[in-house]
Amino acid sequence: MTTKWKQSCKAFLSDKMATTGAIVILFSLILAVFASWIAPYNPNVVAEGSTRLMPPGTEGHILGTDQQGRDILSRVIFGTQTSLISAVIPVIIAAIISVVLGVIAGYYQGFIGNLIMRTMDIFFAFPAVLLAIAIAAILGPGLLNVIIAMVIVRIPYMTRVVYTDTLQESQKEYVEAAKAFGIGDIEIMFKQILPNVLPSLIVYSTTLAGVTIVTVAGLSFIGLGVQPPTADWGRMASDGKKVLMQGYAFVTFIPGIAILILSFSFSMIGDGLRNALDPYERSKAKEKKKISRKTSQHIA
Amino acid sequence: MNVQSALNTESLLKVEGLSTKIKTPEGVLTVLEDVNLTIEKGEIMAIVGESGSGKSMMINSILQLLPKTLLEAYSGNIEVEGENLFAIGEKKMQEIRGKKISLVAQNAMTSLDPSYRVGKQIVEIMLEKTGLTKEQAKEKALNLLEQMGIDDPKRIFQSYPHQLSGGLRQRVVIAMSLACDPDLIIADEPTSALDPTVQLQVLDLFQTINQQFGTAILMITHDFGVVARIAEKVAVMYAGQIVEKGETADVIFNPTHPYTQSLIKCIPNLDWVFDKGAGKKPLWQIKGEPPNLMNLSQGCRFFNRCHVAKDICQSTNPLLKTVKPYRNEHSVRCVLIGGGNE
Amino acid sequence: MKKKNLIISLLLSLVMILSACTGTSSEKSGGSKKGGELIIGMESEADVLDPHRAGGWVTMRITNQMFEPLIGEDLSKSSKEESVPELVPVLAKSWEVSEDGKTYTFHLREGVKFHDGTDFNAEAVDFNIKRLTDKKFEYYDEIGAGRTFRTWKFFESSEVVDEKTINIHLSSPFSEFPRMLAQINSLQIVSPEAIIKNGNDSMGENPVGTGPFKFSERKRGENITLVKNEEYWGEKALLDKVIFRPLSDSASRVLAIQNDEVDIIAVPPPDSIENLKDQGYEVVSGTPPHVWYLTFNFDNKYMKDQKVRQAINYAINREGIANELLKGTVNPAYTIQSPGAANYSADNKWYEYNPEKAKELLKEAGLENGFKTTLQTSVDGSGQLLPVDIAEWIQRDLKEIGIEVKLDTQEWITYYSGYSDGMASDVGMNQMSSGRTSPYFLSMVAHSEFVAPGGFNSGKYVNPSVDKLLDQASTSTDESKALELWKEAEAMIMEDAAFAPIVNDSAPYVVNSRVKGFVIPSEEWYTLAPVYIEN
Amino acid sequence: MLRYVLSRILSTIPVLFGVTIVVFLLIQLIPGDPAKSILGADATPEAVEELRNNMGLNEPLIVQYGAWLSQLLQGDLGYSYTLHTPIIEELMPRFVNSLILTVASMLICVTLGVILGLISALKKGSFFDKASMGVALIGASMPVFWIALMLMWLFSIKLNIFPVSGMYNMRNPGGFMDLLHHIVLPAFATATVSLAVIARLTRSTVIDILQKDYVNYFHSFGLSKSKINIVHVMRNSLPPIINISGLQVGYIMGGALFSEVVFNWPGIGQALYVAVTSNDYPTIQAGILLIALTFVVVNLVVDLLNVWLSPRLQDSIKAE
Amino acid sequence: MKEDTLIEVQGLQKVYSGKRSLFTPSKKVTAVKDVSFSIRKGETFGLIGESGSGKTTVGRMILRLIEPTNGSIIYNGQSLRDLSNKEMTSLRKEIQIVFQDSGSAFNPRKTIGAQIAHPLKKFGENQDPQFIHQQVLKMLEVVGLRADFFHRYPHELSGGQRQRAGIARALILKPKFLVLDEPVAALDVSVKAQIINLLIDLQKEFQLTYLFIAHNLDLVAYFCNRVAVLSKGEVIETSSTIDLFNNPKHEMTKKLLSSILTLEGDLGEVYKKRSVI
């Protein structure tokens with residue numbers, strides 16, 4: 001590990017909020033992987049002797065049971081699976097695609113760059129949530145389709161981030177130096193420029209992962225998310241609205257809090273990473289303020 | 001104010017034993033140590049130093065512009081016309097800024113608000129700091145611009161900063177610094193970003209201002225050429241300390257501190273160009289790099305780079321000693337010349 | 001379900017009968033109470049208010065207040081009073097059928113005017129018929145025709161005899177024709193003048209009919225307001241104004257009635273009903289023609305076996321679903337025929353809960369060790385109740401007899417539009433909720449003519465004997481004969497166990513107690529003419 | 001300048017064109033048959049085929065696009081599959097209602113967001129700063145529908161302060177005050193996330209401007225802090241804040257879908273929700289298109305506003 | 001072309017097409033109008049001019065980092081503009097550039113050693129890692145950097161050290177011709193001299209030819225044999241340093257010369273003095 005990364009790690013770990021966020025994510029990862037061992041009940045079936053809407057604190061059901069009598073704790077635990085998958089996978093895929101598009105567009109500019117970025121502009125005309133809804137509505141509900149929708153929706157934003165960074169980096173003299181040695185474009189783009197673009201993309205992706213959890217929950221609310229009976233926080237929260245009016249707020253409240261905690265943790269890590277990658281990032285951040293304004297619409 | 005201090009008001013600015021400590025993530029840093037300076041009314045003084053020598057900290061200390069989050073502590077004294085800046089409180093300090101002492105910023109481009117016409121920015125200062133009406137302020141601003149050698153002051157008045165060339169911008173900033181008729185202008189490397197031809201014009205402008213308004217000027221620079229051109233007195237700074245000060249001619253033609261000597265010798269000698277027989281002399285160079293203030297050794301701060309250093313320099317912290325006590329004070333911080341403590 | 005199509009509507013403004021029967025009210029209190037403004041919280045936004053084009057019951061419940069058919073159903077009696085709404089004359093004061101059963105003669109009511117002031121007459125009826133049947137007609141309406149085609153299955157021609165008499169000629173006897181005319185999406189009479197003046201599309205935006213309520217205004221997403229038709233030909237409505245308010249979220253509907261923002265709400269969440277009753281609201285329900293049933297896939301190797309189908313039928317605890325899961329808002333269903341139809345009898349029960357019998361049957365089929373299969377269901381949808389919960393209940397019940405059921409859940413419309421495509425051979429069964437007051441419903445679900453893909457017989461159930469019975473029944477000219485035939489067909493279908501009926505919705509409405517005269521007949525819709533608000 | 005405005009307006013044409021293509025293609029990707037959707041699952045195959053022909057669904061894609069676009073240009077958004085009405089009639093009144101909600105949400109998130117961000121920036125590192133930024137981040141981590149549900153639970157059910165649904169009290173509509181009473185909860189629910197975004201951006205922008213040379217320079221003249229903050233810091237923070245606020249319009253229109261559904265607000269979002277759940281593709285198509293167009297217009301306005309606010313941009317435009 | 005000419009630039013021109021808008025035709029910006037000069041083997045050729053005069057663009061065009069709009073560049077008898085990319089790549093070993101230290105001349109994410117080694121790894125004949133490592137260490141020594149700088153990151157170096165590393169990188173493939181693009185402009189006075197001395201030493205050691213781009217004249221006067229003065233994209237005067245300083249012909253040149261600040265005041269004073277003598 002290079003000293004730079006060591007420094008960044010140190011800075012990150014000294015950030016209490018970010019570390020807490022990382023611990024929460026790690027914890028939820030463990031929950032997701034070992035859900036079947038950890039969860040006290042089958043999340044999709046009413047346990048023997050359970051009745052509907054047992055309040056939190058009931059013996060055997062710490063977080064109570066839902067409107068069908070299923071154990072909420074178990075459903076929350078299993079819900080980490082879909083939440084993590086739907087948050088992380090689309091962001092990773094979108095990041096990979098965006099890196100290619102953004103680096104090429106930023107490095108070549110001209111016709112290719114214009115073509116890519118103008119295409120992205122078209123997608124910026126759609127509020128991200130609506131675009132996701134439209135795509136998911138057309139593809140039909142289901143986890144895979146949610147992932148596809150989120151990938152499509154995230155690409156323009158991430159591409160823009162990569163593009164701006166690449167644009168700046170490619171004007172720097174170390175790139176000219178590489179060109180002066182006759183080093184090929186591909187190598188310059190992906191070996192020289194990319195490492196400098198990645199940190200801010202990682203920061204952005206982390207934040208986006210948090211946002212994506214929230215967006216996916218929104219899709220679930222509309223019925224476009226993961227299909228029942230699979231435990232999914234967004235759907236749990238929106239299904240709970242049926243009994244919300246009768247005073248059973250916890251059915252909605254608990255999964256919502258789970259979404260909040262996970263999403264918040266990703267944001268904290270994002271913030272922590274941003275600070276940790278300082279001061280190098282800060283100088284860059286200034287240059288690209290203009291763009292970050294555009295991209296801060298990401299929360300969508 | 002008692003009689004004694006009233007007598008002392010002769011000096012416009014008097015800095016005595018000033019040390020400035022700031023907070024950094026790595027710990028407390030002493031950026032200025034034991035700085036002594038006096039500027040009389042109507043005088044042009046230069047401070048010469050390379051990056052990291054503490055020139056900017058000087059300005060921030062004098063105008064007390066260091067944010068609380070950054071400042072650890074001051075020690076020593078700064079007096080303006082006999083008033084101790086550390087004692088007068090923020091309100092009075094606000095009075096002094098702009099009216100008594102004003103600043104010519106280093107980078108004129110970034111020091112003007114891009115959203116307003118430059119005239120408005122000059123007028124704004126006048127309106128707040130002086131009792132002028134809007135019309136009076138505008139008239140005065142136009143006058144000032146004209147005095148800055150600007151041909152078309154009305155147009156410039158109506159321009160936005162980005163519409164002006166570097167030289168014009170610098171003139172506007174100088175005009176701004178004169179808005180409230182200050183007694184002292186501190187000019188922070190006002191020409192380092194300019195093309196050589198423009199640099200010369202701006203330097204001349206400072207001289208004109210000095211002569212015309214009797215304004216004292218503290219010129220911060222890294223270039224002895226600039227010093228030679230306009231300053232009457234000069235102080236050479238190295239690593240947060242003044243290492244040599246005196247009348248310009250004395251310092252330039254009789255540099256005493258090894259650092260000053262080196263700096264002056266670093267300037268390329270052009271004799272070979274004009275005197276065909278002269279031939280090129282190798283360029284004088286100082287070895288090494290300026291020290292990191294974070295980990296200073298106890299002795300002389302120039303020790304590592306010094307071409308005449310002796311063992312004693314490594315262990316003894318030199319004091320600023322007068323080497324030429326008569327007529328024009330010329331003092332040097334070097335153990336080998338003036339001696340030191342410990 | 002959004003049995004969105006086809007059924008008839010009727011405007012029940014048979015006011016005379018009404019005032020007599022429901023008479024609890026109007027007479028005693030005299031004029032003082034007969035007014036008021038009624039707000040109904042609907043389960044979704046209505047679609048187009050053109051009665052020919054309307055696609056859902058939600059809309060038909062509104063258009064039904066403004067439009068009238070020639071023959072209607074008596075909606076003034078609750079399901080308990082009358083399990084099948086009686087056919088009554090509305091805009092036709094009487095009608096006759098020819099000997100061969102192919103010609104219907106309608107004698108039209110006199111003195112009827114449309115809301116726009118134009119006269120109702122035989123020409124108007126003819127215009128309406130042409131709008132739905134005659135492709136060459138200037139005002140032919142494709143969508144309307146598409147929605148009402150079942151009524152016109154045997155239609156040949158119409159003939160204006162005189163100002164107040166019209167003949168309709170059929171190509172074959174059609175015993176259910178009068179009942180079909182009384183259904184929604186049939187021959188509700190719209191004002192020809194309005195269409196001639198403003199075009200076919202205008203009827204949806206500005207409906208003009210003959211009913212006891214007139215259209216006032218519509219704010220999309222907010223409300224549809226009807227006002228009393230002061231010029232009504234019969235007994236006038238009691239309410240001054242009716243506001244239909246779409247509240248698609250069931251919880252919001254509950255809250256809205258609790259906050260007194262609405263007077264009546266449709267489809268309350270089952271969980272809320274006890275609560276609301278305790279708070280003094282009335283829960284009105286009936287036995288509308290609705291059945292939630294499983295369709296077995298005859299392409300599936302297990303489901304081909306009649307014994308397996310019967311075993312599944314026996315294995316499901318319908319009482320449990322109705323009372324425990326759905327809190328008594330539904331009744332267990334033991335026949336595929338939906339309530340409200342003449343041939344329906346609650347006493348006709350097939351396959352009452354008997355898991356032992358089910359296991360036995362499986363054993364006979366050679367499947368004592370059980371098998372795995374898939375059940376497709378939607379996640380929600382109109383009339384679907386709580387489809388996933390019900391499916392999960394069934395999943396548990398079937399596990400008891402060794403059948404492992406995998407649930408394949410789909411979003412409603414995807415599911416609904418795929419339903420008529422049929423099932424892949426690895427899918428064991430799917431599920432639907434539907435129903436008609438006409439026994440013709442049996443043909444829709446079980447006749448080979450409607451086999452998927454393209455028809456409503458999603459399981460591809462084909463039994464020539466059933467087909468024959470159904471055909472005879474629908475073309476019979478003798479009503480009682482037809483009834484017998486329908487019953488015979490029903491029994492045969494149930495013996496085949498082509499379906500597993502699960503529950504019948506009782507369509508509960510929660511009503512503020514000051515609302516009087518609101519009755520749920522054995523239909524998917526109701527009349528508001530006798531309703532009033534008690535001060 | 002006028003020329004720039006014109007050319008900027010014209011430059012949205014390719015974007016709009018692209019938007020129509022995307023929207024059109026989206027709908028083409030749908031499996032299933034629109035004709036069938038219109039007629040219902042139990043329609044006869046013949047009827048379906050006939051409708052397909054009449055709807056032009058058997059034409060090549062490009063012909064269909066052309067036809068669709070030319071209809072669009074005439075203000076015809078097509079027919080709803082499920083409502084059987086011209087979509088424009090369905091959406092336009094709702095569009096107005098959505099705009100009302102959007103404007104209310106914008107008012108909330110811009111005023112509160114800017115105030116919060118400004119105070120946090122000026123008191124950087126203070127408890128207020130940390131607390132409000134923490135809350136802002138939490139606010140941005142919640143699904144809108146959930147915020148809406150929780151607000152509804154607390155304020156409508158538990159405290160019974162605000163109505164649960166709708167825009168007006170149906171029984172006795174009370175004009176503006178009634179609207180205000182109804183709009184509070186949905187507007188707040190919609191605004192939360194944007195409020196957080198605006199607060200965070202305002203904070204970072206102001207902190208950034210506070211570090212600018214010219215701000216320090218004006219300090220060196222002894223100008224009062226509050227005046228510098230107002231005249232210089234706020235003025236220069238304005239363009240980014242306006243920019244982000246403009247972008248929030250898009251987010252708010254997206255988020256409004258959720259609060260409209262929860263609070264039964266008769267807006268375009270609610271119509272979209274219904275369209276999505278009933279696979280009414282033409283309505284989805286039209287709704288998305290309408291919102292995208294609005295968003296493009298808002299962005300255009302924001303861009304022009306920024307140019308108007310930035311002398312530098314104006315000049316670079318003149319130079320072009 | 002004379003025997004001893006290493007590089008000859010003829011009528012070099014660079015026109016940037018500005019952004020086109022719907023209503024205005026694209027506006028063209030001429031960065032370099034007409035530049036011609038030739039550099040002899042082993043000499044240091046100065047290119048001076050005020051900011052915006054196009055001097056940096058000329059430097060970049062010689063390396064074909066920027067494609068010229070017009071004109072020819074003849075290096076050692078070969079027209080650079082006619083070379084294929086492949087041929088140009090092999091020629092790049094001979095022509096190198098040292099940038100002004102702006103902190104961005106090195107990739108911040110890679111060690112100094114790796115970056116100096118990079119061209120060797122790419123184009124060197126001997127690919128033995130040990131050999132490459134040795135070469136880099138040798139080069140570090142040549143430019144006066146300790147071996148432990150090999151593993152450092154650019155931001156851990158001071159400006160002067162980075163500039164030395166930049167020179168090392170440029171020299172690693174043993175080039176014949178170096179473009180020095182304001183290599184000391186951002187450095188402190190005390191460090192400036194170190195770098196100039198280093199460059200002078202290296203020139204002797206490796207028989208290098210320099211194109212020295214600068215905006216202030218004192219260093220040019222000291223460092224260069226011949227000078228071309230650039231103004232608004234055009235060469236207004238080319239001559240030997242001595243001639244130029246003693247006998248400036250163009251007004252602009254005179255103005256530039258008189259702006260040199262010396263310890264005795266500006267050079268104008270010197271001229272006055274000399275003319276008196």
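Naming convention: chains lettered A, B, ... in sequence-line order (proteins, then strands); numbering from 1 in each chain.
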Which answer fits Leu272(D), side chain, backbone, both or neither, if we ask what part of it has an atom under 4.5 Å from a heavy atom of chain A?
-> side chain

For the candidates Ala249(A), Gly234(A), Ala237(A), which exhibits the highest count of non-hydrogen atom pairs separated by less than 4.5 Å from chain D?
-> Ala249(A)

Say whether Thr190(D) and Ser259(D), considering side chains only, have a donor N or O and an acceptor N or O under 3.5 Å apart.
-> yes

Portion of Ile257(A) that has a non-hydrogen atom of chain D nearer than 4.5 angstrom | both

Can you tell me if CZ on Phe123(A) sees more than 12 non-hydrogen neighbours from other groups inside 6.0 Å?
-> no

Decide, yes or no, whether a salt bridge links Asp165(A) with Arg160(A) under the criterion of side-chain N to carboxylate O below 4.0 Å.
-> no

Applying a strict 4.5 Å limit to non-hydrogen atoms, the region of Phe266(A) in contact with chain D is neither

From CA spacing to verdict: salt bridge (Lys or Arg N to Asp or Glu O under 4.0 Å), Arg203(D), Asp129(D) | CA-CA 9 Å; Arg203(D) 179 179 178 272; Asp129(D) 176 28; 2.6 Å; yes

Heavy-atom proximity to chain A below 4.5 Å, by part of Ile138(D) = both

What pair of heavy atoms forms the shortest contact from Ser86(A) to Leu143(A), and how long is it?
-> CB-CD1, 4.1 Å

Most heavy-atom pairs under 4.5 Å with chain A, out of Thr294(D), Ile147(D), Ile291(D), belong to Ile291(D)

So with a 6.0 Å cut-off around CZ of Phe250(A), is the heavy-atom count from everything else above 12?
-> yes

Considering all heavy atoms of both residues, which atom of Met133(D) and which atom of Leu116(D) are nearest to each other, and what is their separation?
-> CE-O, 4.4 Å

Ring centers of Tyr273(D), Phe258(D) separated by less than 6.0 Å | no

Below 4.5 Å from any heavy atom of chain A, which atoms of Val22(D) appear? Answer side chain, backbone, both or neither.
-> side chain

Looking at Leu262(A), Ile261(A), Val216(A), Asp271(A), which one has more heavy-atom pairs under 4.5 Å with chain D than the rest?
-> Asp271(A)

Bottom line for Met142(D): the part with an atom under 4.5 Å from chain A's heavy atoms is both

So which part of Ile284(D) gets closer than 4.5 Å to some heavy atom of chain A, the side chain, the backbone, both or neither?
-> side chain

When heavy-atom pairs shorter than 4.5 Å are enumerated against chain A, which of Ile21(D), Val15(D), Val261(D), Leu149(D) gives the highest number?
-> Leu149(D)

